[in-house]
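Letters go in sequence order (proteins before strands), and every chain restarts at 1. Remember, predicted model here, so these are calculated numbers, not experimental data.
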Amino acid sequence: MPEGHTVHRLARTFAELFGGQILEVTSPQGRFDAGARLLDGLRLQSAQAWGKHLFLGLSREDGGGSDPLDDHLLWLHVHLGLYGSWTFAGDGTDDVAHAIGAPRRRVGERESVSALPAVGADGPGPWNPPEPRGQVRVRLLGEHAVADLTGPTRCEVVTAAERDRAIARLGPDPIRADADPEAFVARVRRSRTSVGAQLMDQSVIAGVGNIYRAEALFRAELDPWTPGRDVPAETLRTLWTDLVDLMHDGVRVGAIVTTRPEDRAAPGADVPPARPVRQNTDGTPGAVPREESFYVYQRAGQSCRRCGTPVVVEDMAARKLYRCPGCQR
DNA sequence: TGTACATGAGCAC
DNA sequence: TGCTCCTGTACAT
């Protein structure tokens, strides 16, 4: 269940584990057989993230990933949607162990990497990856690692032109260096649609999901229900800058943490969350525990860490919106 | 074994 | 706005 930072981490992981390698592409589930046949035996040249969209560029050429080959690439376009996940496993070689960490590195909340020896891997030579678990739509098998995709909302093979058209529909991505914050500011202020709803619109800003939406609006002390056109441009620039920082931290750490150290374990920490939520730094020494990671997300009924007012949850465009009525007015 | 829920998005009306 | 699709997990029965 990714937001943009997860997809950027995935792109980086694909480049590290499979970059420049010829991949064996299959669809254990069978629902991607035609696409898998198109990609099978091609070399991974590029791994890119735009918002929540992952694009893996493959070709028959050995071009070292240089841009001039772009027109020759076929792109695997994946959107994880609400349930999608990538699961990685390595053969336990030093290189892979280094790349994926030991004993495991989670790339997103539900993406896991196992460095456990694969089935039958007891010496030099070809290794036998673990059997696919669950409904694996597509499996990418490289020299030392395997990646299994389950539950994507989108998994398709597209041309470079089709990839470009998909990207053109997206707003600026705060994690990308080439993003234009003024495009975001102008787009929000053009509409009377609430700023909270617009933050979830991927054509306004790409990569923001329900958690970053709730948390960034809290940090900006901005009422999510404020019409976009009524939000001062300077406030939106500050919001953008904060999202850039938060989402870059998310890419670096592998988890969403929006609370400042001085606000953790403040009022409200005495009430456990209604449901445990997996954090991809579970077990990592020094990681901020989930119950201290957010100001408002999934903290309905608990006291605001800043003002003590109970956090509320509301429906906005069919999604749950968390906010503090005391701080966000 | 059944049900509810989840960090998303496209489509019909 | 409501429905649908995609899947795994936790919890209740």
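Comparing atom distances between the A:Gln135 side chain and each of B:dT7, B:dA9, C:dT7 picks out C:dT7 as nearest. Here the side chain of A:Ile256 is nearest to one of B:dA6, B:dT7, B:dG8, namely B:dT7. For A:Arg31, taking side-chain heavy atoms from C-beta onward, the closest of the listed nucleotides B:dG8, B:dG10, C:dT7 is C:dT7. Checking B:dG10, B:dT7, B:dA9 against every side-chain atom of A:Leu82, the shortest atom distance belongs to B:dT7. Nearest to the side chain of A:Thr150, among B:dT7, C:dC6, C:dG8, sits C:dG8.
For A:Asp315, there are no salt bridge (Lys or Arg N to Asp or Glu O under 4.0 Å) partners at least two apart in sequence or on another chain. Annotation: side chain to side chain contact (heavy atoms under 4.5 Å, CB included) contacts of A:Met316 (sequence neighbours excluded): A:Ser194, A:Ala197, A:Arg213, A:Pro224, A:Trp225, A:Leu321. When the salt bridge (Lys or Arg N to Asp or Glu O under 4.0 Å) test is applied to A:Asp249, the partners found at least two apart in sequence or on another chain are A:Arg252. Here A:Asp173 pairs with nothing under the salt bridge (Lys or Arg N to Asp or Glu O under 4.0 Å) rule; sequence neighbours left out. Shown here are the side chain to side chain contact (heavy atoms under 4.5 Å, CB included) partners of A:Ala161, two or more places apart in sequence or in another chain: A:Thr159, A:Arg165.
Atoms CZ (A:Arg154) and C1' (C:dC5) sit 12 Å apart, rounded to a whole Å. Nucleotide B:dT7 holds its C1' atom 4 Å from the CD atom of A:Glu3, rounded to whole Å. A straight line from NZ of A:Lys52 to C1' of C:dC6 spans 15 Å, rounded to a whole angstrom. Nucleotide B:dG8 holds its P atom 17 Å from the CG atom of A:Leu149, rounded to whole Å. Between the P atom of B:dA9 and the NE2 atom of A:His53 lies a distance of 6 Å, rounded to the nearest Å. In this structure, A:Arg319 places its CZ atom 15 Å from C1' of C:dG2, rounding to the nearest Å. Between the OH atom of A:Tyr83 and the C1' atom of C:dT7 there is a distance of 7 Å, given to the nearest Å. What separates CD of A:Gln298 from P of C:dA10 is a distance of 15 Å, to the nearest Å.
Between A:Phe14 and A:Phe88, the distance from one ring center to the other falls under 6.0 angstrom.
Cation-pi check for A:Arg299 over A:Phe294 is not met; the charged atom does not lie both under 6.0 angstrom from the ring centroid and within 45 degrees of its normal.
Atom name C1', nucleotides B:dT1 and C:dC6: the rounded distance is 22 Å, in whole Å. For the C1' atom pair drawn from B:dT7 and C:dT1, the interatomic distance equals 22 Å after rounding to whole Å. Spacing between C:dC5 and B:dC13 at atom P, rounded to whole Å, works out to 15 Å. Distance check on atom P: B:dC5 versus C:dT13 gives 14 Å, rounded to whole Å.
For C:dG8, neither phosphate oxygen OP1 nor OP2 lies less than 4.0 angstrom from any side-chain nitrogen or oxygen of A:Arg133. OP1 or OP2 of B:dT7 has not a single side-chain nitrogen or oxygen of A:Tyr212 nearer than 4.0 Å. For B:dA9, one of the phosphate oxygens OP1 or OP2 lies less than 4.0 angstrom from a side-chain nitrogen or oxygen of A:His79.
Residues A:Arg133 and A:Asp148 are not paired through a salt bridge, judged by the lack of any N-O separation under 4.0 Å between the basic side chain and the carboxylate.
Applying a 4.0 Å cut-off to non-hydrogen atoms, the residues of residues 196-209 of chain A that approach DNA chain B are A:Met200, A:Gln202, A:Gly209, listed by residue number.
Within 4.0 Å of A:Gln29, counting heavy atoms only, lie sugar-phosphate atoms of the nucleic acid but no base atom.
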